[in-house]
Amino acid sequence: MSNLTRSSVWQALSAHQIEIREQTMRNLFANDANRFDKFSLREDGLLFDFSKNLITEETLALLINLARQSNLSDWIERQFNGEKINTSEARAVLHTALRSPRDCSVLVDGKNVIPDVHRVLEHIRRYSDAIRSGATLGHTGKKIRHIVNIGIGGSALGPLMACEALKPFGSDDLTAHFVSNVDATDIAETLKKLDAETTLFIISSKTFTTQETLANAHTARAWLVDHLGTEQAVAKHFAAVSTNLSETSKFGINPENVFEFWDWVGGRYSLWSAIGLPIALYIGMENFERLLAGGHAMDEHFRNAPLEKNMPVILALLGIWYGNFFGTGSYAILPYDQYMQHFPAYLQQLEMESNGKRVDREGKPVDYDTHFVVWGAPGTNGQHSFYQLIHQGTRMVPADFLAPLTSHNPIGEHHAMLLSNCFAQTEALMLGKTESEARAELVAQGLTGNALEALLPYKIFPGNRPSNTLLFEKLDPYTLGRLIALYEQKIFVQSVIWNINAFDQWGVEFGKQLANKLLPELRSKGTVNTHDSSTNNLINIYRNRHIA
Ligand code: G6Q
């Protein structure tokens, strides 16, 4: 048994779960008029309502003890102070430094990194201002109208999510495009919409060795040269964001258009760095700075609030409560804001890549579950598809509902309708529909006898399905920054309790190793027989189709 599962707090939580699972939230609400006040937090315009969870004050106290037992407060300081807590890569983890004000000091190997952070922010400011104002033009003297981010994973999902979420703040003169997949369809369909004279490509790659990104970058370069008739055009139409400056120069990017970041920024935590360049170009530097300020404000809350009143801590502990003590395998992110349509996919990477680990910090396999599957879609669309399983399936799926109080598009009754759906769903998931309520409904519809009894079981909803609600005033850069940092720090808390490293990603590296391995065999002349019979046949079928 691991220290964690052997610990008295873990054992107490297991015993407590047996009592709690017999209770209903319906009763917990009925018996406590102050339940909402007890189990909600408000901070700087953000409301976190976690009262619709299968918890009591005792549950929360036990969960807080679990956090204390893992020395969470020390770990928080170790993260912020730039200790090399990403031990398997021997790196500090300092996305928090990227959103820190100029007068802060954070040392990595004895050097304060904040001046470098602000030097690169200044570079982003100069460049994005010049492109947006037209002071810097394309090779033929035309204003840039399209930005194409070429990058994948952590070098794509954050900027894609944020540009969509902050569309109301985006420039009317610019369109942001994102190309990730090595499938040529991705870049081909994007290029079809573009005019080379007004297009800027940003090659975003921490390593600048990623197969998909380099293949797309070379295709984009060839397309541009073909359309503008000269290699010289590349200097005005390509920028790069990378930690690998020698590779960006080999690719031929003008050094003035190369934006640097550092190995202590993890890919999936990098939208705050120069990887956010497309965001700054699209929404302008002032708005990008508001995003950073929001992230920093959540960091300050996380660092200073007591554990009982700490949003990332509570959110993390609730995840652990269900994942480890109720055995839930997945967790839904349900934003009731169309601009947040890419938020579930963004969190899917952030959470699953960070905490999808099976070995602890000492290199031993864990004897408890770590992260669950994260998925979701914007409301109300999901209500017409997968919510069925959340309401009446056999598995418990905890969910976070996120919603703005006001809409960027206040048209008629749309927003009231949207939020009434959101609130009604969390209520229905919690309450369910009892047999007698279902029966009364059927009677009211005129059903009786066998017909009523036959339909009754299908009309019952078990309820007791947990959810959190995060309400905010309006989706703006500052709020988005806070929400992203909330989830980043939640993930960190869970990793501390699970005693795993949230900041490496050997599974992704494995994929990168495999990516180039099989390619020569697809091109080879002779029949391939070095693999298992399935892989051999798949390769040979492809070869027979393509190799003469
Ligand atoms: C993120 C991951 C991964 C990475 C991509 C792209 O944390 O490591 O998603 O961002 O594989 O890598 P490059 O930025 O090096 O091209």
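Atoms within each ligand, like the ligands themselves, are counted from 1 in listed order. All figures in this text were calculated on a predicted structure; none of them were measured in a lab.
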Considering Glu509, Lys206, Glu353, Gln505, which one's heavy-atom position lies nearest to atom 3 (C) of ligand 1?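 Looking at heavy atoms only, Glu353 sits closest to atom 3 (C) of ligand 1.
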
Closest to atom 16 (O) of ligand 1 (judged by heavy-atom distance), picking from Ile203, Thr210, Thr209: Thr210

Could you tell me whether the side chain of [Y] reaches within less than 4.5 Å of the side chain of [X], counting heavy atoms only?
X      : Y      : result
Asn355 : Phe372 : no
Val493 : Trp75  : no
Leu98  : Leu292 : no

Can you confirm whether the side chains of [X] and [Y] place a donor and an acceptor under 3.5 Å from each other?
X      : Y      : value
Thr530 : Glu521 : yes
Asn324 : Trp498 : yes
Glu89  : Trp264 : no
Asp173 : Ser171 : no

So is there a nitrogen or oxygen of [X] less than 3.5 Å from a nitrogen or oxygen in ligand 1?
X      : result
Thr213 : no
Gly154 : yes
Ser204 : no
Gln349 : yes

Under a heavy-atom criterion of less than 4.0 Å, does Glu212 contact ligand 1? no

Report the nearest protein non-hydrogen atom to [atom]: residue, atom name, distance rounded to 0.1 Å.
atom                    : result
atom 15 (O) of ligand 1 : Thr207 OG1, 2.6 Å
atom 5 (C) of ligand 1  : Ile152 O, 3.5 Å
atom 12 (O) of ligand 1 : Lys512 NZ, 3.1 Å

Would you confirm whether the ring centroid of Phe259 sits within less than 6.0 angstrom of the ring centroid of His123? yes

What are the atoms of ligand 1, with element, lying closer than 4.0 Å to any heavy atom of Ser205?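 The atoms of ligand 1 under 4.0 Å from a heavy atom of Ser205 are 13 (P), 14 (O), 15 (O), 16 (O).
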
Ligand 1 atoms nearer than 4.0 angstrom to some heavy atom of Ser155 are 10 (O), 13 (P), 14 (O)

